Structures are given as structure tokens and as C-alpha cells.
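Here is the naming used below: chain letters follow the sequence lines, and residue numbers restart at 1 for every chain. Keep in mind that the numbers below use all heavy atoms, side chains included, and drop hydrogens, waters and symmetry copies. Because the structure is predicted, anything quoted here is derived from the model rather than measured.
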Number of protein chains: 2
Amino acid sequence: MKLSTRSRYGTRMMLDLAQHYDEGPVQIRNVSKRENISVKYLEQLIIPLKKANFIKSVRGPKGGHMLAKPPEAITVGEIVRVLEGGINLSSCIENPEVCDRTSDCLTRGLWEEATKAMYKKLNSATLSKMINEGSNS
Amino acid sequence: MKLSTRSRYGTRMMLDLAQHYDEGPVQIRNVSKRENISVKYLEQLIIPLKKANFIKSVRGPKGGHMLAKPPEAITVGEIVRVLEGGINLSSCIENPEVCDRTSDCLTRGLWEEATKAMYKKLNSATLSKMINEGSNS
DNA sequence: TTTATACTATAGTCAAACGCTATAGATTAG
DNA sequence: CTAATCTATAGCGTTTGACTATAGTATAAA
């Protein structure tokens, strides 16, 4: 029931990139220092975020990473979905065939509704909103 | 991000008990057959649910288990909270001290809001509602 | 054209959690 | 007193999570 550190660290990295948007490529090394997260771990998180087109990278010296879209066009919901591999309270929501009781299951609908409620909140939070509203909003 | 089988099986057991409420003590053996969940595993789930006063048990021959309150007085949210050990997307919500960034964390508030949204849904579902509304409501 | 800097890819390690099973014991109706 | 039933605790095998290590590939700049 907990979000993985993947999602939490990934979101922090994306917020860090958002705070340095328009400053050119940001090196992982620096994100690592500021956020106190291992370089190797961040490198791993970047891969799926690039595939999802949220980050673009520049190789070689002076290279680095930057948001592929402006901070107001990326939501935390999207980030979590990419890093968590889908947000769902139960795998029977995506894959009804994992359970032979699907047809008459009393609980499935509820898990789905609860998932959606959470989802909605996360989707309403763009990176720029997060930065502007701050922590104690 | 998935609910554990503990919560899902536990909820199914509670729904089963609700469907046999007022029939006297129900034996785990029978719940096990109907729900296709191991007896030993169910026995384990009953313990915390008894402590939380959702189930009461009768020992000896003809003994068994039954809801400690009517089905309309128990919500799925309560069951999940007991079996999951709290529903929270991040442990920093219950225990701010796990992270030294709490004071200026941009994400904590969002995890909390999303948690509450999910929570609200689960709390609105009583066992009797679940049974009456069925699966395809 | 070399070299240092930075990103990329894949595999490995360690510990904790999960899902489940087994054993032994306590209680009580009949 | 005994069989049916619940109770408690410990164990076990697998999976997942959170990292870490190694061996690259690309490229700006000297």
C-alpha cells in the first residue's frame, strides 16, 4: 500500500529538474547532491522517464538531463504511473483474468473506485503547481 | 501500490461472515471452502480483526466466528486499515521523523491528499452496502 | 584525434516482506 | 473425557525492493 521509493525519488528528481528548467542540461551528479539520492539509482529512474517522453538527455561533456516538456505540462500522476508500473490497488483491475471470481466479485468495483479517487488527485498536481504552492498549502 | 492479499482476502472473509450474519457461529472451514482460501491463512487474518473488535469467536464444538457488529456498522476502510497496518502512500505521513526533509518537502502534502481521497472511498463502503449493491453497480 | 565527461545498459547483491504452511496448545459442548 | 474448534507462534520458500557494480557508448572540447 505504500508508494515505492522509485516513485517518490522519481518525483523529487522531476521537481528538481523543473526547478532548473531553462538552465540547460542538468547533471545527475548535481541532482544527486541536492536530493541526496544515489547517482546510480537516479540513472535507473531516468530510463523509463525518457521512454515516456518526460525527460530528454544530452550526452558528452556539458551534457545532462532536462524536462522534455514545460513543468506545467507534467503531472505527478503521470510520473507515478510510469515508475510504479500503473497505479492500481489490485491487479484484477488491469487483468481481470488473474482471478476466476471476477464476474461475481463484490470487491473489485470498490478497489477500482478507490484507485480512481487517488489517481484523480495525483493527476491534478502538475510540477509547476507543486513548486508554486509549496509544502504547506 | 497494490493492496496485499491480506486485505483482499480479509475483506472477502468479512463479506462472507456478513452474508451469514444471524446464522450463528460460522466455521473457518466453511469460509475456506466458499472463498477458496486456506484455513491456516484465514486463521491468521482473524486475529487482528478480533483485536479490532470486528469479529467475535466461540470456541469448542459448534463454535466458530461471527461479526461483532452488524454489517452496516463495518466499513471496508476499517478492515483494510487493520490488515494493512494503516493505509498511507508514504510512511512519512504517519511518522514525519523518517525523513529529514519533512519541513520543506514538496511532495508530502500531495501523498497525504491522495491517501485521504482513497481512504474516503473505502470508508464509505459498509459490508451491507457491498452485498446489496453487488459487483456491477 | 584523443580524452575526459557524461549518459546508457545490464546484471548482481542483500535484506525485507509476502504468502503460505506446520506444529503445538487452549477451550469447551456434548 | 474427548473430539471439534479456535489460538499462538514459528518456519520456509519466493518475490520484490532498493540499491550497487561493471562495462560500455556518445560527444564536446582541447
Side-chain angles (χ1 to χ4, degrees), chain A residues 1-13 17 20 23-33 35-52 54-68 80 83-86 88-91 98-99, chain B residues 1-13 17 20 24-33 35-52 54-68 80 83-86 88-92 98-99:
Chain A
M1 260 313 306
K2 297 275 183 283
L3 233 38
S4 64
T5 58
R6 262 175 88 83
S7 299
R8 289 183 290 110
Y9 287 10
T11 301
R12 274 167 58 197
M13 170 169 60
L17 292 183
H20 297 85
E23 292 179 18
V26 173
Q27 288 87 41
I28 285 188
R29 184 165 41 87
N30 294 326
V31 178
S32 167
K33 274 185 213 151
E35 301 295 329
N36 197 30
I37 303 172
S38 131
V39 167
K40 287 294 172 193
Y41 201 56
L42 286 176
E43 285 175 344
Q44 217 174 83
L45 302 184
I46 282 175
I47 297 167
L49 290 169
K50 285 192 60 164
K51 281 190 186 144
F54 294 142
I55 289 181
K56 61 185 175 191
S57 306
V58 180
R59 287 186 159 204
K62 302 273 177 188
H65 305 274
M66 55 201 311
L67 296 185
V80 170
L83 294 176
E84 204 77 22
N88 273 309
L89 291 185
S90 175
S91 44
V98 299
C99 174
Chain B
M1 260 312 306
K2 296 274 182 286
L3 235 38
S4 65
T5 59
R6 261 175 89 84
S7 300
R8 290 183 291 108
Y9 287 10
T11 301
R12 274 167 58 196
M13 169 168 62
L17 293 183
H20 296 87
V26 173
Q27 287 88 41
I28 285 188
R29 182 165 42 86
N30 294 325
V31 177
S32 168
K33 275 184 210 152
E35 301 295 328
N36 197 31
I37 303 171
S38 128
V39 167
K40 288 293 172 195
Y41 200 56
L42 286 176
E43 284 175 344
Q44 215 174 85
L45 302 184
I46 282 175
I47 298 167
L49 289 168
K50 284 193 60 165
K51 280 188 187 145
F54 294 142
I55 289 181
K56 61 185 174 190
S57 307
V58 180
R59 287 185 157 202
K62 302 273 178 186
H65 306 275
M66 53 201 311
L67 295 186
V80 170
L83 295 176
E84 205 76 23
N88 273 309
L89 292 186
S90 175
S91 45
C92 66
V98 300
C99 174

A side-chain contact here means heavy atoms from C-beta on lying under 4.5 Å apart; do [X] and [Y] qualify?
X	Y	answer
A/L3	B/S90	no
B/V26	B/H65	no
B/N88	A/K2	yes
A/L83	A/L49	yes
B/K33	B/N30	yes

Just to be sure I understand the rule, does [X] reach a base, reach only the sugar-phosphate, or reach nothing, if contact means heavy atoms closer than 4.0 Å?
X	value
B/K2	nothing
B/V39	nothing
B/K56	nothing

Residues A/S32 and A/S38: closest non-hydrogen pair is OG-C, 4.1 Å
For B/G63 and B/P25 the tightest heavy-atom approach is C-CB, 3.7 Å
Give the rounded distance in Å between these two atoms: [atom1] of [X] and [atom2] of [N].
X	N	atom1	atom2	result
B/Q27	D/dT7	CD	P	13 Å
A/I28	C/dT8	CD1	C1'	10 Å
A/K50	D/dT25	NZ	P	16 Å
B/L45	C/dC18	CG	C1'	12 Å
B/I55	D/dC6	CD1	P	11 Å
A/I47	D/dG24	CD1	C1'	13 Å
A/H65	D/dT27	NE2	C1'	14 Å
A/L17	C/dC7	CG	C1'	14 Å

Within the 4.0 Å limit for protein heavy atoms, which parts of nucleotides 14-23 of chain D are touched? Write it as a string from 5' to 3', B for base, S for sugar-phosphate only, - for none.
----SBBBB-
Nucleotide by nucleotide, nucleotides 25-30 of chain C touches protein heavy atoms under 4.0 Å in the pattern (B base, S sugar-phosphate only, - none) -BBBB-
What do the steps show when you test B/C92 against B/V98 for side-chain contact (heavy atoms from CB on, under 4.5 Å), and what is the final call?
CA-CA 6 Å; B/C92 66; B/V98 300; 3.9 Å; yes
Heavy-atom donor-acceptor pair, B/R12 side chain to B/E35 backbone, under 3.5 Å
yes
